[in-house]
Amino acid sequence: MRRQVPLLLTAIVGFVYIIQFFVPHKPFNIIEHLFTDWILIIAACAIWLGVLNLLKLSSEKVYKRAKDWPYALVIICGFFMITVAGFFFSGGRAFQESGTAFDYIYVNIFTPLSATMFALLAFFVASASYRAFRARTFEATLLLLAGFFVMLGRVPVGDLMTSWLPQGYRLSDLAGWIMMVPNMAGQRAIMIGIALGIMSTSLRVILGIERTITGGE
Amino acid sequence: MDSVFSHTIAAILTIGIISFLYKDNPLYKFCESLFIGVSAGYWFVQQYYANLLPKLFDNLGITKLVGAENAPEGALQALFLEGRLDDNLLYLIAGVLGVMMLLRLSPKIGWIARWPLAFTVGSSAGLYFITYFQSNAMSQLEHTILPLNSFNNLVLIVGTVTGIIYFYFSKEHKGVFGGAAKVGIYFLMITFGASFGYTVMSRMSLLIGRIDFLFGTWLGLVK
Amino acid sequence: MATGKLRNQKKYFTLICLLLFSPTLIAQTESADITTTPPAPVTEVVAFDTPNDAGSSITIRWKKSPDDRPDDSLFAGYKILRAIYPRGEFQQTADAPAGAEETFDNEARDGVEYTYRIRAVRGDLYSDSEASPPAQSKQQWFHTGRINTLIGCLIIGLAILFFINRAKSGKKLYIRKIAGLEAVDEAVGRATEMGRKIFFIPGIQDIYNLQTIAGVIILGRVAKLVAEYDAQLEIPVSRSMVMVACRETVKEAYLNAGRPDAYKEDAIHYLTDEQFGYAAGVDGLIVREKPATIFYQGAFFAESLILAETGNYIGAIQIAGTAMPAQLPFFVAACDYTLIGEELFAASAYLSKEPKLLGSLKGQDVGKVVILLAILIGVIVHSFGLFNFAQLFRVQ
Amino acid sequence: MKFFEKLMSIDRRVIFLFVGVALIVPLFLDIEQTIEITPEVQTLYDAFMELPPGSKVLMAFDYDPPSAPELQPQAITGLRLCFDRNLKVIIIGLWPMGPMQANLALETVFSEENYFDKEPIYGVDYVNLGYSPGNELVIQRMGSSIPATFPRDFRGTSIEEIPLMRGIVNFSNFDYVFNLSAGYPGTVEWVQFAVDRFHARMGAANTAVQAPLVYPYIGTGQLTGLSGGMKGAAEFEKLTGFIGKGTKFMLSQSFAHMIVVFFIIIGNLAYFVTRGREEKKTG
């Protein structure tokens, strides 16, 4: 029961999903939509597990006065601040409309934090390219050259440096060519490989040959 | 006044995150913890209103059952009041699967969470099997079959073919085959370099947005 | 000087306005005449069952009215009138904008015969077409536009199954070395020696992404190794279902390694669903815990570089693997080893060394041969202008 | 002696500092950068200039705050151009945050001095119809009926009560469509539906990442004008003669880009020098 049912469920659901792609007839026509909704519902239930885990670990930290416990308290307060605002003080379903308490927290706390975290990439892109773009081997040199020309080709300075060349042969054109031709070829190879890898992994999972998640080893 | 206050909060949080670049520090720890707490709560609320409420409770009619105003009639009302089997009754299965997932909290019957997990894994395996074959394999193939009438087409075809050869697992990369795989790696390296270089610009603009907020919106130094 | 220029501009502007307005002026005078005559009717109306669907839909095509011209602003479009064949009354069911020559009636009842008229409308006047021959909607059992996909799936699927079966019978298979996976042992060993943690990041997508599934399967193999080495594993996750899946997997792995007592559930913990919130949290953990080894296996987005750069800074050995093409360059730049695309999916088979799973890799290779042959043949045939081979792979 | 070895492994915080300075300083500088106008942006500008006063322009805001540095300046320039030329503007968004970005852009435009006494009137000179979910299906629905797709505006006013919306039925009532796009749904969908199916005339502003995907549409004439990324924003501003943030941001971006390139060169230089030495030692 414990082992067999999940394996069977995986197999049946997996095959039904594949079949519905080729069969427009009822009831297969609603399966994709229905299953997607079900999965979203399962995920919406599951979030309780995660959130309770986060709160449990944080409050344990606070209770035991573990290292950095005040920050664990910040996690708990932050969580309750927005959930209480969202569930009780933001007008129910319209919780996201501008002017609600939920929206205020979203705009003034959530957004700057997430936008700044995203913006850190500007720094990391610089430090990573300094380290990685070095002509150590032939492969690394290709990486370097492609990156270098594409980067230069995308700012006015690049074209300024090559303004003595006829139009169509300047740095921005070279950058465009690299993107459209060799880059495209590499991307295609990667994408085709991924398709095969996914097909094989899916089959292994559906057939129960790979049962790490669904059935134990 | 209100906007000065909220801008100041936003500015402190912005500086707190940026300060991590120098080293880990109390302000960053505060921002990080606040971010984790607030964002976990954000998705918790979001999941309820975007999925649980409309997809499960509304469809089944539970919202109506608990006496909410303006709630739509659901499958349960149809079944018990009209004696009719509504399609939405199928959402009951989703509800059961969801509850099974939550039973993970109980050590004794927690194993049953594997059922909804198996359902999810199975349907994604089925979905990905088909969609990736279609969108990644078939349509890329369609666009790679080009007439050999230009240098660009030649490069595209050679690059794609050798790239695929690089991924070949069950043959040693030696001789002509190994040579082709080597060319494949070269193409992959150019691809990586190019897409890296390509994104640098947009990453910079993200930071410009934050800097403009700090010096413009907040401090009013940049017009 | 400046005013002269301005005057010139004004002159041009009047000229442009005149040029732009003149056609409308003419059109208006013309339309003044024809507001009293209805538009020419639509011709050649046909109706047929919309193919490859679950019924309830009939496709209607026609040849548009000669008065349906882009410059005629009065022409309002078409109304679709439907009647049950042969003697029903015509009623409007849908409408179509000017310029259209096809529309769908999605409210047909399967098995009922309908006939259609198209009404061309201009201003207050209209004219109706002849009634179309009757048509009825049906459900189809097979989507004919997807036959190429079916054949392709069968070829590749059967190849994979064939080699899995052959591997079961004990035939030895050669699989080339994958550097990133050869390094797993060393990376786990190093963490054990240093007495530091091993982090495993399964990406930021939920378990319904196959990349996450691949990541968690790899985790199963890594966790077994970790248990054998008696190293410490920590797995911060960003999705609750992934947390459940990881816990099941790691527990099982410890059990199989004969060390169920060493399994700690709280080492697999949830942070937040939010992409950058998760990145902020993991970054904090990385600088504070200073893990010796970090695995990134799964679906990653922009946070890839934020995590990998921080890991690189504290000097951890980093092994990444993802099938997100846009993130691969960043992992390649910041990690010691990167599994590229397909290698992520091959990793679990490779690490398990189970013949059945290795057999599926051989099956994938057959898929590659088929694709390479298709490209080769296609290019040759296409180059000589014999046949557009590419259209065989068009999907619907 | 050890100089180059040090250069080989610069503390990343030094790089961070340089990047930060390179981005911040230009915001305070008044450097004139020679911005060459590319033909795509020129045609975009021309398309606006060719519209007779009173023409109706549909502006679709399909982006959110993270892409605002690139697209907001273009939105502002586009709006200003319309109001200066007395064109009527109808705003919609296929992204939830789009119409809010539009309001921010309007605020910026109206805070300028020359609008103090003649601020365009809501409902007469411009209107914001808000966001509608459904991605490309929204465009398709607009093709048959705009009032049915957007029954109310951003403020909840019924569309029948808005003077500007009188007589607007579908795309044939717009003289130009201007799309600001940061991804999906965006310019690609607008071209496929509004242009290909409903024959609208359309121009677009895109993020730098997005722009190459829509370049092909210029060659075929499906797009009348395209302005991509900060560079496009700067060009667009230069053409309209009003130097706004696009030009400033462009300068920052160029500086930061050069810093990245500079460090790559330094890294390689140091690598070759130190490697040369090592070879001498061993050889």
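Protein chains get the first letters and strands the later ones, always in sequence-line order, with residue 1 at the start of each.
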query: Between F110(A), F148(A), F133(A), which has the largest tally of heavy atom pairs under 4.5 Å with chain B?
result: F110(A)
task: Please look at F167(B) and chain A and tell me whether the side chain, the backbone, both or neither of the residue comes under 4.5 angstrom of a heavy atom of that chain.
output: side chain
message: Given heavy-atom pairs under 4.5 angstrom as the criterion, report whether the side chain, backbone, both or neither of S114(A) touches chain B.
response: both
Contact class of F196(B) relative to chain A, heavy atoms under 4.5 angstrom: side chain
- request: Quickly, which of N59(B), L53(B), L60(B) forms a side-chain contact (heavy atoms from CB on, under 4.5 Å) with F57(B)? Name it, please.
  value: L53(B)
- prompt: Which region of S129(A), side chain (C-beta onward) or backbone (N, CA, C, O), has a non-hydrogen atom less than 4.5 Å from a non-hydrogen atom of chain B, or is it both or neither?
  reply: both
- line: Ranking A146(A), A46(A), S90(A) by heavy-atom pairs under 4.5 Å to chain B gives rank one to A146(A)
statement: Assert top hit (heavy-atom pairs under 4.5 Å, partner chain A, pool V99(B), I157(B), L90(B), L117(B)) equals L90(B)
Check: W218(B) ring centre within less than 6.0 Å of F213(B) ring centre: no
- request: Please report the C-alpha distance between D68(A) and K29(B) in whole Å, then the side-chain angles of each, then the deciding distance to 0.1 Å, and finally whether the salt bridge (charged side-chain N to carboxylate O under 4.0 Å, His left out) criterion is met.
  value: CA-CA 9 Å; D68(A) 282 344; K29(B) 284 185 194 171; 3.3 Å; yes
task: Please confirm whether the backbone N or O of M179(A) pairs with a side-chain atom of N183(A), one donor and one acceptor, at under 3.5 Å?
output: yes
message: Measuring centre to centre across the rings, with the benzene-like ring taken for any Trp, is Y42(B) within less than 6.0 Å of Y106(A)?
response: yes
message: Just checking M81(A): does its CE atom have more than 12 heavy atoms from other residues, nucleotides or ligands closer to it than 6.0 angstrom?
response: yes
- prompt: Given a strict heavy-atom distance threshold of 4.5 Å, which part of M101(B) is in contact with chain A: side chain, backbone, both, or neither?
  reply: both
query: Where the side chain of R210(B) meets the backbone of L207(B), is there a donor-acceptor pair that is under 3.5 Å apart?
result: no
- request: Just give me the residue among I198(A), I12(A), V84(A), T36(A) that pairs up with chain B most often, heavy atom to heavy atom, under 4.5 Å.
  value: I198(A)
query: With only heavy atoms counted, which part of F151(B) is less than 4.5 Å from chain A, the side chain, the backbone, both or neither?
result: side chain
field: Cationic tip of R136(A) above F138(A) ring, under 6.0 Å, 45° of axis
entry: no
- prompt: Given that the side chain runs from C-beta out, which part of Q20(A) has a heavy atom under 4.5 Å from chain B: side chain, backbone, both or neither?
  reply: neither
field: Y28(B) versus chain A, the contacting section by heavy-atom distance below 4.5 Å
entry: side chain
task: For chain A, find which of I185(B), T144(B), V161(B) contributes the most heavy-atom pairs closer than 4.5 angstrom.
output: T144(B)
query: Of the listed residues (G16(B), G209(B), P26(B)), which shares the most heavy-atom pairs with chain A below a 4.5 Å separation?
result: P26(B)
statement: From the list I190(A), I178(A), V16(A), the residue making the most non-hydrogen contacts under 4.5 Å with chain B is I190(A)
- prompt: Rounded to the nearest 0.5 Å, how far apart are CH2 of W38(A) and CG of L92(B)?
  reply: 9.5 Å
- line: Per-residue tally against chain A (heavy atom, under 4.5 Å) across I112(B), I165(B), L13(B) peaks at L13(B)
message: Quick check on F15(A) against chain B: is it the side chain, the backbone, both or neither that has a heavy atom closer than 4.5 Å?
response: neither
- prompt: Considering only heavy atoms, which portion of I190(B) lies under 4.5 Å from any heavy atom of chain A: side chain, backbone, both, or neither?
  reply: both
More than 12 heavy atoms of other groups within 6.0 Å of K64(B) NZ: yes
- request: Specify which of A115(A), A11(A), P70(A) makes the most heavy-atom pairs with chain B at under 4.5 Å.
  value: A115(A)
- prompt: Any idea which of S200(A), G186(A), A43(A) has the most non-hydrogen atom pairs under 4.5 angstrom with chain B?
  reply: G186(A)
query: Are the ring centres of F87(A) and F102(A) closer than 6.0 Å?
result: no
query: Taking every heavy-atom pair that is under 4.5 Å apart, which of A11(B), A137(B), S123(B) has the most such pairs with chain A?
result: S123(B)
statement: Answer key: most heavy-atom pairs under 4.5 Å with chain A among N153(B), I93(B), I18(B), T131(B) is I93(B)
Within the 6.0 Å centroid threshold, strictly below: F28(A) and F21(A): no
query: How are the rings of F35(A) and F119(B) set to each other: parallel, tilted or perpendicular (split at 30° and 60°)?
result: perpendicular
field: Region of L54(A) that comes under 4.5 Å of a non-hydrogen atom in chain B
entry: side chain
Heavy-atom proximity to chain B below 4.5 Å, by part of L113(A): both
message: Heavy-atom cut-off 4.5 Å, strictly under: side chain, backbone, both or neither for E32(B) against chain A?
response: neither
From F95(A), W48(A), F80(A), residue fulfilling ring-ring contact (aromatic ring centres under 6.0 Å, His included) relative to F44(B): W48(A)
message: Taking side chain as everything from C-beta outward and backbone as N, CA, C, O, which of these in V205(A) sits under 4.5 Å from a heavy atom of chain B? Side chain, backbone, both or neither.
response: side chain
